[in-house]
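Handing you a structure now.
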Amino acid sequence: MTYCVGLLLNDGIVCLSDTRTNAGLDNISTYRKMFTFTVPGDRAIVIMTSGSLSVTQTALARLDEAASDIEATPQTSILQAPTMLQVAEIVGRTLSETSEEVASRMGASASGASASLIVAGQRRDGDMRVFLIYPEGNFIEATDDTPYLQIGEHKYGKPILDRVVTPETSLSDAKKAVLLSMDSTLRSNLSVGMPLDLAIIKKDALQISEQRRIKARDAAFAKMSRSWSDALRDAFTKIEI
């Protein structure tokens, strides 16, 4: 399982993913689930993955290969597509085709050949956009009413996002919100695990403004987690019924 979240705010985009992949209690591995594609001054794109590792790795390899192909066209390369909508369409088509191919080889186990992606970014002269791509290739988009999208084990981290995140949320508060959302998920589900990958795209920057990996013993993350737990316990004891 996994947990990835992308926020669409007035000031930019914030993305966070875990890295745990497991096929049983005795088969736990770490794989990157966040991938970035940039042409500085032209576009910045973040893709996060959830689901079948064979599907997501193949789909991302194909997207990367197309982006590097000197004969690629705006219809095949996410680094040439003229809009973020067309980027989402290319990613969706690639995911759908890959899922079908993997499923056809798996036969009776084909139900496991499923994956979802979050695609976030901005193209020069275009708006910032965040999409959730389904296994079939269709997608939905973050809006002012729902300024965030999640994939994977999302139920534990959703309550804090519902309560604090709006389009007006600052990037610093948004970073705190996604990290606390992940902290809640880490505490409640062992199939989600560190290290974490964080990426921020500031509005109109057209590059990845901040990107870092947060490891298991990161002091700042541990301090934030303890402070959040203490604050929740304190608030709980003060509530009267």
Find out whether L79 and T38 are in side-chain contact, i.e. whether some heavy atom of one side chain is under 4.5 Å from a heavy atom of the other.
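No, too far: nothing below the 4.5 Å cut-off.
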Other residues, nucleotides, ligands: >12 heavy atoms within 6.0 Å of E101 CD:
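Correct, the count exceeds 12.
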Any Lys/Arg nitrogen of D18 or K33 sitting under 4.0 Å from an Asp/Glu carboxylate oxygen of the other?
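Salt bridge present between D18 and K33.
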Do S191 and N189 have side-chain atoms, one donor and one acceptor, less than 3.5 Å apart?
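Yes, N189 and S191 have a side-chain donor paired with an acceptor closer than 3.5 Å.
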Mind checking the CG-NZ spacing from L180 to K175? Nearest 0.5 Å is all I need.
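So the gap between those two atoms works out to 12.5 Å.
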Rest of the hydrophobic cluster containing L53 (Ile/Leu/Val/Met/Phe/Trp/Tyr, side-chain heavy atoms under 4.5 Å)?
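Direct or chained contacts put L53 with Y31.
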Ion pair present between D42 and R124, side-chain N to carboxylate O less than 4.0 angstrom?
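A salt bridge is present here (some side-chain N lies under 4.0 Å from a carboxylate O).
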I want to check something: taking the side chain as every heavy atom from C-beta on, are T169 and V164 in contact at a cut-off of under 4.5 Å?
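Heavy-atom side-chain distance check fails, nothing below 4.5 Å.
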Without swapping roles, check the side chain of T58 against the backbone of S54 for a donor-acceptor pair under 3.5 Å.
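Checked: pair present.
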Using atom types as modelled and distance alone, determine if a side-chain donor or acceptor of T146 lies under 3.5 Å from a backbone N or O of T143.
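No; judged by distance alone, with no hydrogens or angles, the pair does not exist.
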Distance in Å, R213 CZ paired with T19 OG1, rounded so as to fall on 0.5 Å steps
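Those atoms lie 5.5 Å apart.
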Side-chain donor-acceptor pairs of residues 81-89 under 3.5 Å, sequence neighbours excluded:
from	atom 1	to	atom 2	distance (Å)
T83	OG1	Q86	N	3.1
T83	OG1	Q86	OE1	3.2

Salt bridge or not for R62 and E97, using N-O below 4.0 Å?
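A salt bridge is absent here (no side-chain N lies under 4.0 Å from a carboxylate O).
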For I151, the rest of its hydrophobic cluster, which grows through side-chain links under 4.5 angstrom
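Via sub-4.5 Å side-chain contacts, I151 links to L8, I13, M34, V46, M48, I118, M128, V130, L132, Y134, I140, L149, I201, I208.
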Decide yes or no on salt bridge (Lys or Arg N to Asp or Glu O under 4.0 Å) for D197 and R32, but give the supporting numbers first.
CA-CA 8 Å; D197 286 315; R32 179 176 292 276; 3.4 Å; yes
Pair R187 + D183, salt bridge at N-O below 4.0 Å:
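Here R187 pairs with D183 in a salt bridge, since their nearest N and O are under 4.0 Å apart.
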Would you call D218 and K215 a salt bridge, using N to O less than 4.0 angstrom?
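No, D218 and K215 are not salt-bridged.
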Is the backbone N or O of A177 less than 3.5 Å from a side-chain atom of S181, with the two atoms forming a donor-acceptor pair by type?
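Not at all, since once roles are kept as given, no pair shorter than 3.5 Å links the two residues.
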